[in-house]
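In what follows, a structure is listed as structure tokens, so that the remarks can point back to it.
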Amino acid sequence: MDFNVKKLACGAGVFFTRAVQFTEEKLGQAEKTELDPHLENLITRADCTKNWTEKILRQTEVLLQPNPIDHTGARIEEFIYDKLDKKLPSRTTNTELLGQYMVEAANEFGPGTPYGSTLITVGEYQKRLGGAERDLLQASAVGFLAPLRNFLEGDWRTISKERRLLENRRLDLDICKARLKKAKLAEAKAALLSEEADKAEHELRVAQTEFDRQAEVTRLLLEGIGSTHLNHLRCLQDFAEAQATYYAECHHYMQALQRELSKCANSVSAPHPTATVCPDPVSSAFLSGPPSPGATVSSLSSQRPSPLAMEQTQLPVTGTRKAKVLYDYEGHDGSELSLLADELITVHTVPGMDPDWLIGERGNQKGKVPVTYLELLS
């Protein structure tokens, strides 16, 4: 018990002495040992890495889990399963839940009705989108968020501990320098050798050795930030690849959903043609080949009169098709053709062209047009 009290008293004395030294340095009343410029640069770089890693981690979590309440609950659940050393079960995403609600609503309204069958179709694709989102969340959590969090909770804590220890060693060194300086002054006044000066010199040598040793340990840890950047670079590439896969799957599912809705729209005569759902960007009817000239003229004769009616009744050139514009479209540059809803244009494709675009012609005007804005006439 006596030993513990002495140790506690000694520790309190050291803490008080360091506090006095620190305060005097802040007030400009004591000299301060400056760190090596290379070590200072490493410390600045480490602080910058820590700050930006925290920001990137928090914003990525917000991106993947936008709802703050869900985000907090998810972190608590993740913490509990981590402490229990159990695998975290996959959670249902909001998109999957929306798809489930749509399917359940369709069963209530009647799956055989147009609205009910469409709800089922859209609901199933919402579930697929939700599954893709869940895969993105899992891949991002393991490949990107976990390494960033491990750095902040592991490596950075070690670096911070060693830096605090280095600061204490620096304070001890400056305290020893101040003691030696006072002892030298007292020795000069007394004009004789002083045991206090010898003791102060010995303490200074010990403090300098401990400071140099701790500075080397801290330097080695800080230089490891470079390898941390390389590791985070690989994780960032994996995160970007997971995002690319997710958006590609979403695009694929939405294109398939457009095809399904287009089939439904074609099977039911809509009272307003302009309300028809967008068809598949790559029309199988178009890829099957151009129709006969007679069939084109016959189909155009059923269209309502327009200023282009005389032009549209001419026989098309081989490889071209007539198309009805479903929605207004504003061309983004000179290579694109602006469109007006319900007008008729002539379209054709070019070998090697993006399948989501066609070449449209209207009189003397010519340019690229998006296929999702067109209804190809058979």
Side-chain angles (χ1 to χ4, degrees), residues 42 45-103 122-163 220-257:
L42 290 177
R45 184 188 184 196
D47 289 335
C48 182
T49 299
K50 182 255 185 181
N51 293 334
W52 282 110
T53 301
E54 284 182 334
K55 292 181 180 180
I56 292 174
L57 175 62
R58 287 197 300 266
Q59 191 58 36
T60 305
E61 290 176 336
V62 172
L63 173 67
L64 299 177
Q65 192 71 51
N67 191 327
I69 298 178
D70 293 345
H71 170 67
T72 303
R75 288 300 304 273
I76 294 176
E77 184 181 7
E78 178 182 347
F79 175 79
I80 294 176
Y81 273 89
D82 181 64
K83 292 301 180 182
L84 295 177
D85 197 18
K86 292 185 178 180
K87 183 179 180 182
L88 182 68
S90 59
R91 292 183 293 269
T92 302
T93 63
N94 293 328
T95 311
E96 288 178 307
L97 191 59
L98 173 61
Q100 180 180 343
Y101 287 165
M102 287 184 174
V103 173
V122 176
E124 291 298 330
Y125 277 97
Q126 292 297 324
K127 290 182 179 179
R128 297 182 186 181
L129 291 172
E133 181 183 1
R134 187 174 64 253
D135 293 341
L136 171 65
L137 295 177
Q138 293 176 349
S140 301
V142 175
F144 188 60
L145 296 181
L148 297 184
R149 194 176 292 115
N150 290 338
F151 166 74
L152 294 174
E153 297 177 356
D155 295 348
W156 183 253
R157 288 185 179 180
T158 302
I159 291 174
S160 300
K161 177 182 177 182
E162 296 299 330
R163 284 178 59 181
L220 292 176
L221 287 174
L222 293 174
E223 288 178 346
I225 294 292
S227 61
T228 299
H229 286 183
L230 293 177
N231 181 39
H232 290 178
L233 170 61
R234 291 190 291 268
C235 297
L236 181 61
Q237 292 172 340
D238 294 340
F239 175 62
E241 183 178 353
Q243 278 188 308
T245 302
Y246 166 68
Y247 290 121
E249 290 180 353
C250 290
H251 178 74
H252 171 73
Y253 290 144
M254 294 309 298
Q255 296 292 343
L257 177 58

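- Summarising the geometry, atom CG belonging to Leu221 is positioned 10.5 Å from atom OG belonging to Ser160; distances are rounded to the nearest 0.5 Å.
- Between Pro147 and His232, the shortest heavy-atom contact is O-NE2, 3.9 Å.
- Interatomic distance, CG of Leu136 versus CD of Glu249, reported as 9.5 Å (0.5 Å rounding).
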Problem set entry | Stepwise side chain to side chain contact (heavy atoms under 4.5 Å, CB included) check, Thr158 with Lys161 | CA-CA 5 Å; Thr158 302; Lys161 177 182 177 182; 5.7 Å; no

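- Salt-bridge formation is not detected for the pair Glu162/Arg157: no Lys NZ or Arg NE/NH1/NH2 atom is positioned less than 4.0 Å from an Asp or Glu carboxylate oxygen.
- The side-chain heavy atoms of Phe144 and Leu57, taken from C-beta on, include no pair separated by under 4.5 Å.
- Contact of the Lys127 side chain with the Glu124 side chain is registered, since non-hydrogen atoms from C-beta on lie closer than 4.5 Å.
- Annotation for Ser140 and Leu64: closest pair CB-CD1, 3.5 Å, computed over non-hydrogen atoms.
- For Glu223, the CD atom sits in a packed shell: over 12 heavy atoms of surrounding residues, nucleotides or ligands are nearer than 6.0 Å.
- Looking at every heavy atom in both residues, Ala256 comes nearest to Tyr125 through CB-OH, 3.5 Å.
- For Glu54 and Lys50, the salt-bridge test passes: some basic side-chain N is under 4.0 Å from an acidic carboxylate O.
- Ring geometry for Trp156 against Phe151 counts as tilted: the plane angle lies between 30° and 60°, on a 0 to 90° scale.
- Taking CG from Asn94 and CG from Leu129, the interatomic distance works out to 13.0 Å, rounded to the nearest 0.5 Å.
- Looking at every heavy atom in both residues, His229 comes nearest to Arg45 through ND1-NH2, 3.4 Å.
- In plain terms, the two heavy atoms of Thr49 and Thr53 that are nearest each other are O-OG1, 2.5 Å.
- Taking the charged nitrogens against the carboxylate oxygens, Asp47 and Arg163 do have a contact shorter than 4.0 Å, which makes a salt bridge.
- Taking CG of Leu148 as the reference point, atom OG1 of Thr228 lies at 10.5 Å (rounded to 0.5 Å).
- Defined by atom type and a distance below 3.5 Å, a donor-acceptor pair is present between the side-chain atoms of Thr95 and Glu133.
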For this session: Please test Thr60 against Phe239 for side chain to side chain contact (heavy atoms under 4.5 Å, CB included), starting from the C-alpha separation and ending with a verdict.
Result: CA-CA 10 Å; Thr60 305; Phe239 175 62; 4.1 Å; yes

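- Results of the side-chain contact (heavy atoms from CB on, under 4.5 Å) test with Gln126 over Leu98, Thr93, Leu97 single out Leu98 as the only residue that passes.
- Summarising the geometry of Ile225 relative to Ala46, their closest heavy-atom pair is CG1-CB, 4.2 Å, with the distance given to 0.1 Å.
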